[in-house]
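To start, the structure itself, in structure tokens.
Since the model is a prediction, treat every value here as computed from it, not as a measurement. FYI, side chains are in, hydrogens and waters are out, and symmetry mates aren't considered; it's all heavy atoms of this structure. Order of the sequence lines sets the chain letters (A, B, ...), proteins ahead of strands, with each chain counted from 1.
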Amino acid sequence: MAQKPTIPKGTRDFSPAEVSKRNYIFSTIKHQFQKFGFQPIETPSFENSDTLMGKYGEEGDRLIFKILNSGDFLKKVDDHAFAEKNSQKITTQISEKALRYDLTVPFARYVVQHQNEIEFPFKRYQIQPVWRADRPQKGRFREFYQCDADVVGSDSLWQEVEFVQLYDAVFTALGLEGVTLKINNRKILSGFAEVIGESDKLIDFTVALDKLDKIGEEGVIKEMQEKGISAEAIKTIQPIFSLTGDFSTKIQGLKEILAESEEGKKGIEELQFIQRALEAMPLETAKLDLDVTLARGLNYYTGAIFEVAAPEKVKMGSIGGGGRYDDLTGIFGLKNMSGVGISFGLDRIYLVLEELGLFPASAEANTQVIFINFGEKEALYAMKAVKELRTQHIAAEMYPDAAKMKKQMNHANKRNISFVVLAGTKEMEEEKYTLKNMKTGEQSSVSLQEMIKTIS
RNA sequence: GUGGUUGUAGCUCAGCUGGUUAGAGCGCUGGUUUGUGGUACCAGAAGUCGCCGGUUCGAACCCGGUCUUCCACCCCA
């Protein structure tokens, strides 16, 4: 055999069984999206580079896959930049397009571009692959699907409430129990920075704080010190590390810490609104938890921040996230367009469902009945029945070749097909079919109508 | 992007300090069984030992590079 072909790092092939299971997740999520009034859109796999570049920070820019210009792309390159091997400069000259990195920024572009056709508030969902030139790990790929739902054009906190309910509805429908919906608010993080007089170091502060569950209190303090946050400031903020208890208890603690911050207090109010609403309408399976250390990387969030943690027994990073961004479309020139959205990490949800054995048997589409092929005349007799079964919405097929019986039975068995029909000369004379149940091994002589009844 | 790790038959993996024709289980193909699968028994096919180069009389094994896997960081779904 020749050298086996391979696929690029961080990409995957999907077998029929895997595709079926993935489709099960897609359709479950889609169904819930639609129930909540979201409409689907799709955007191109690649965008103009300037649509994407600079929207995700320096780190994000590095992870964006750039598409090489076609034609003699070196012609346009600046000799000076080429001589000094200035990759960044050359990149902008040889690449004008890039693969999308997420669905949120393309959505913002969509909203701005189609603002005159869109009826606001606009609720859209989008399920498409995204690409990141990241180093793969478990649950981290270079090509993966995101399932996003966003609303733009409304400041109402009812949107946040609905998104929490949407998360709950999806995970309930998937039978995934023990999911924690972590919520925080950017205004609270700003409040912290304000209270300690380090507002200009908000990003460094939140990035460090976000690592609490990973590196512990000491690690966070150490990182904050390294970023130049004063020991005094850190001491002031220390109470946030000991915020425990239920949602309301944490809120009380926050009120004390943020008493001096107007923005912080606004954040608390927003959280309380959401919490009260959800107290009146309890979630089915998910658990809502206030996590003041939740920051998430994207700096365009301005209000609520969401992150979904898989059940504790599964070792998996977050399986979803989202938040409120007051000015997402501002980067494309459309001001005062508040939006909020959430995202589901399909590939990770798949891994979690697989690990917990939560895929229903029905997730795997399969042929229900296969006819044994005994030869030319018999095959025609069989195909007539197959045709009728298909009109009755039964997935039916005939083995295409008059191969040995054993081979055909084996094929049915390997493909896990529930019923096999044997129809030879004897059956043809009686206008009957021998229907065999492959699970029990039982078989009986039936008419076509009886067969349809048994199978469906 | 940094550091580490992995790669042997379709799959899961053995292969001792470098030494003849590289093994096992499962799977696959055929047969026992010409209208009956899953079990059993018998037989058989299948590997440029990830790839390229180096050291050596000799490399799956040692060295370098590269790709891939997984992990930690970074970041993140």
Side-chain angles (χ1 to χ4, degrees), chain A residues 1-12 15 25 29 56-64 87 100-104 127-148 203 207-208 210-211 214-215 219 223 294-299 306-310 315-322 341-352 370-375 378 382 399 402-428 433-443 445:
Chain A
M1 201 180 5
Q3 183 62 47
K4 272 178 219 158
T6 56
I7 53 173
K9 187 202 301 204
T11 63
R12 292 140 313 145
S15 66
I25 301 177
I29 293 177
Y56 310 98
E58 210 176 303
E59 191 66 30
D61 281 1
R62 208 194 74 212
L63 298 178
I64 291 173
S87 301
R100 68 168 165 254
Y101 176 88
D102 71 358
L103 301 178
T104 309
I127 300 179
Q128 288 188 283
V130 303
W131 295 269
R132 296 186 187 177
D134 206 355
R135 279 239 188 142
Q137 279 179 38
K138 184 182 180 185
R140 278 178 94 150
F141 309 98
R142 302 184 107 179
E143 176 184 64
F144 62 98
Y145 270 79
Q146 284 194 335
C147 313
D148 277 26
I203 300 289
V207 167
D210 194 40
K211 292 180 190 164
K214 211 166 200 175
I215 58 180
E223 181 159 337
L294 179 61
R296 297 183 52 78
L298 298 171
N299 16 22
F306 302 112
E307 184 165 296
V308 184
K315 230 187 135 204
M316 181 64 68
S318 71
I319 55 175
I342 60 171
S343 179
F344 291 82
L346 166 91
D347 298 273
R348 288 189 177 177
I349 291 171
Y350 181 99
L351 292 172
V352 170
I370 188 163
F371 283 64
I372 299 292
N373 186 331
F374 285 111
E378 292 90 339
Y399 195 87
K404 278 184 188 163
M405 181 82 177
K406 181 176 172 129
K407 190 176 168 68
Q408 300 191 44
M409 291 299 287
N410 224 326
H411 179 75
N413 195 47
K414 294 243 171 70
R415 287 187 50 201
N416 215 0
I417 296 171
S418 313
F419 293 96
V420 169
V421 172
L422 299 91
T425 347
K426 200 174 66 189
E427 284 88 349
M428 284 167 71
Y433 305 85
T434 299
L435 180 65
K436 175 164 178 139
N437 182 323
M438 292 297 275
K439 273 165 201 139
T440 62
E442 289 164 7
Q443 62 184 55
S445 179

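- Using a cutoff of 4.0 Å between basic side-chain nitrogens and carboxylate oxygens, A:D134 and A:R142 are not scored as salt-bridged.
- Residue contacts for A:Q137: at a heavy-atom cut-off of 4.0 Å it reaches a base atom on one of the strands shown.
- Nucleotides B:rU12 and B:rU8 have their C1' atoms positioned 12 Å apart, rounded to a whole Å.
- Using a 4.0 Å heavy-atom criterion, one finds that A:G375 contacts no nucleic acid atom at all.
- Ranked by how close their nearest RNA chain B nucleotide is to the 5' end, A:I215 and A:P8 are led by A:P8.
- Between A:Y101 and A:Y56, the ring planes lie tilted relative to each other; the angle falls in the 30° to 60° range.
- Look at the C1' atom in both B:rC71 and B:rC26: the space between them is 29 Å, to the nearest Å.
- Not a single ring-ring contact (aromatic ring centres under 6.0 Å, His included) links A:F374 to another residue, sequence neighbours left out.
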For RNA chain B, what is the dot-bracket line, given that a base pair needs Watson-Crick (N1 to N3, plus N6-O4 or O6-N4) or G-U wobble (N1-O2 and O6-N3) geometry with both distances under 3.5 Å, and | means paired with another strand?
((((..(..((((.....[...)))).(((((.......))))).....(((((..]....))))))..))))....
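- For the C1' atoms, the distance from B:rU5 to B:rG38 is 41 Å, rounded to whole Å.
- Comparing the same atom, C1', in B:rU48 and in B:rA43 gives a spacing of 28 Å after rounding to whole Å.
- Of the possible polar contacts, none joining the A:R100 side chain to the A:V130 backbone as a donor-acceptor pair under 3.5 Å is found.
- In this structure, CZ of A:R12 is placed 15 Å from P of B:rU68, rounded to the nearest angstrom.
- Looking at heavy-atom distances under 4.0 Å, A:G57 makes no contact with the nucleic acid at all.
- Separation of the C1' atoms belonging to B:rC51 and B:rA59 is 16 Å when rounded to the nearest angstrom.
- Atom-to-atom, CG of A:L63 to C1' of B:rG1 comes out at 9 Å; the value is rounded to the nearest Å.
- Counting to the nearest Å, the C1' atom of B:rA72 and the CG atom of A:D134 are 13 Å from each other.
- Between A:K414 and B:rG27 there is no side-chain N or O to OP1 or OP2 distance below 4.0 Å.
- As judged by a 4.0 angstrom heavy-atom cut-off over every strand, A:F141 is placed among the base-contacting residues.
- Look at CG on A:L346: it is 16 Å from C1' on B:rC76, rounded to the nearest Å.
- Residue order along RNA chain B, read from the 5' end via each residue's closest nucleotide, puts A:A133 first among A:F344 and A:A133.
- As judged by a 4.0 angstrom heavy-atom cut-off over every strand, A:Q443 is placed among the base-contacting residues.
- Between the P atom of B:rG37 and the CE atom of A:M405 lies a distance of 8 Å, rounded to the nearest Å.
- Atoms CG (A:N413) and P (B:rG27) sit 12 Å apart, rounded to a whole Å.
- Whole-Å rounding puts the A:K436 NZ to B:rG37 P distance at 7 Å.
- Note on A:L422: a base of the nucleic acid sits closer than 4.0 angstrom, heavy atoms only.
- In the set B:rC70, B:rA77, B:rC75, the nucleotide with an atom closest to the side chain of A:R132 is B:rA77.
- As rounded to the nearest Å, B:rA22 and B:rA45 have P atoms that lie 14 Å from one another.
- Nucleic acid contact class of A:N410 (heavy atoms, under 4.0 Å, all strands): sugar-phosphate only.
- Residue A:K439 is in base contact, counting any heavy-atom pair closer than 4.0 Å across all strands shown.
- Nucleotides B:rC28 and B:rA77 are separated by 42 Å at their P atoms, to the nearest Å.
- Proximity note for A:M409 (side chain, C-beta onward) versus B:rA77, B:rG37, B:rC74: the nearest is B:rG37.
- At a cut-off of 3.5 angstrom, counting only N and O atoms as typed in the model, there is a donor on one side and an acceptor on the other between the side-chain of A:R140 and the base of B:rC75.
- When the side-chain nitrogen and oxygen atoms of A:K404 are compared with OP1 and OP2 of B:rU36, none of them lie within a distance under 4.0 Å.
- Within 4.0 Å of A:T104, counting heavy atoms only, lies no atom of the nucleic acid at all.
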Checking A:K436 against A:E442 for the salt bridge (charged side-chain N to carboxylate O under 4.0 Å, His left out) test, could you report, in this order, the C-alpha distance in whole Å, the side-chain angles of both residues, the deciding distance, and whether it holds?
CA-CA 6 Å; A:K436 175 164 178 139; A:E442 289 164 7; over 6 Å; no
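- Using a 4.0 Å heavy-atom distance criterion, A:E378 is classed as making no nucleic acid contact.
- For A:F419, there are no ring-ring contact (aromatic ring centres under 6.0 Å, His included) partners two or more places apart in sequence or in a different chain.
- Cation-pi contact between A:R132 and A:F144: absent, since separation from the ring centre below 6.0 Å together with deviation from the ring axis within 45° is not met.
- Between the C1' atoms of B:rG47 and B:rA24, the separation comes to 14 Å (whole Å).
- In this structure a side-chain-to-backbone donor-acceptor pair under 3.5 Å is present from A:Q408 to A:A403.
- Put simply, A:K406 has no side-chain N or O that comes within less than 4.0 Å of OP1 or OP2 on B:rU36.
- Per the geometry, CG belonging to A:N373 stands 18 Å off P belonging to B:rU34, to the nearest Å.
- Judged by distance alone, the side chain of A:D148 and the main-chain N or O of A:S343 form no donor-acceptor pair under 3.5 Å.
- The base of B:rG3 lies close enough to the side chain of A:R135 for a donor and an acceptor atom to sit less than 3.5 Å apart.
- Residue-level contact check: A:G60 touches neither bases nor backbone, having no heavy atom under 4.0 Å from any strand.
- Comparing B:rA77, B:rC75, B:rG35 against the side chain of A:K426 picks out B:rG35 as the nearest.
- Using modelled atom types, one finds no donor on one side chain facing an acceptor on the other under 3.5 Å when comparing A:Q443 with A:T434.
- Distance check, rounded to the nearest 0.5 Å: CG of A:L63 to CG of A:D102 gives 12.0 Å.
- The listed nucleotides are B:rU68, B:rC71, B:rU36; the one nearest the side chain of A:K9 is B:rU68.
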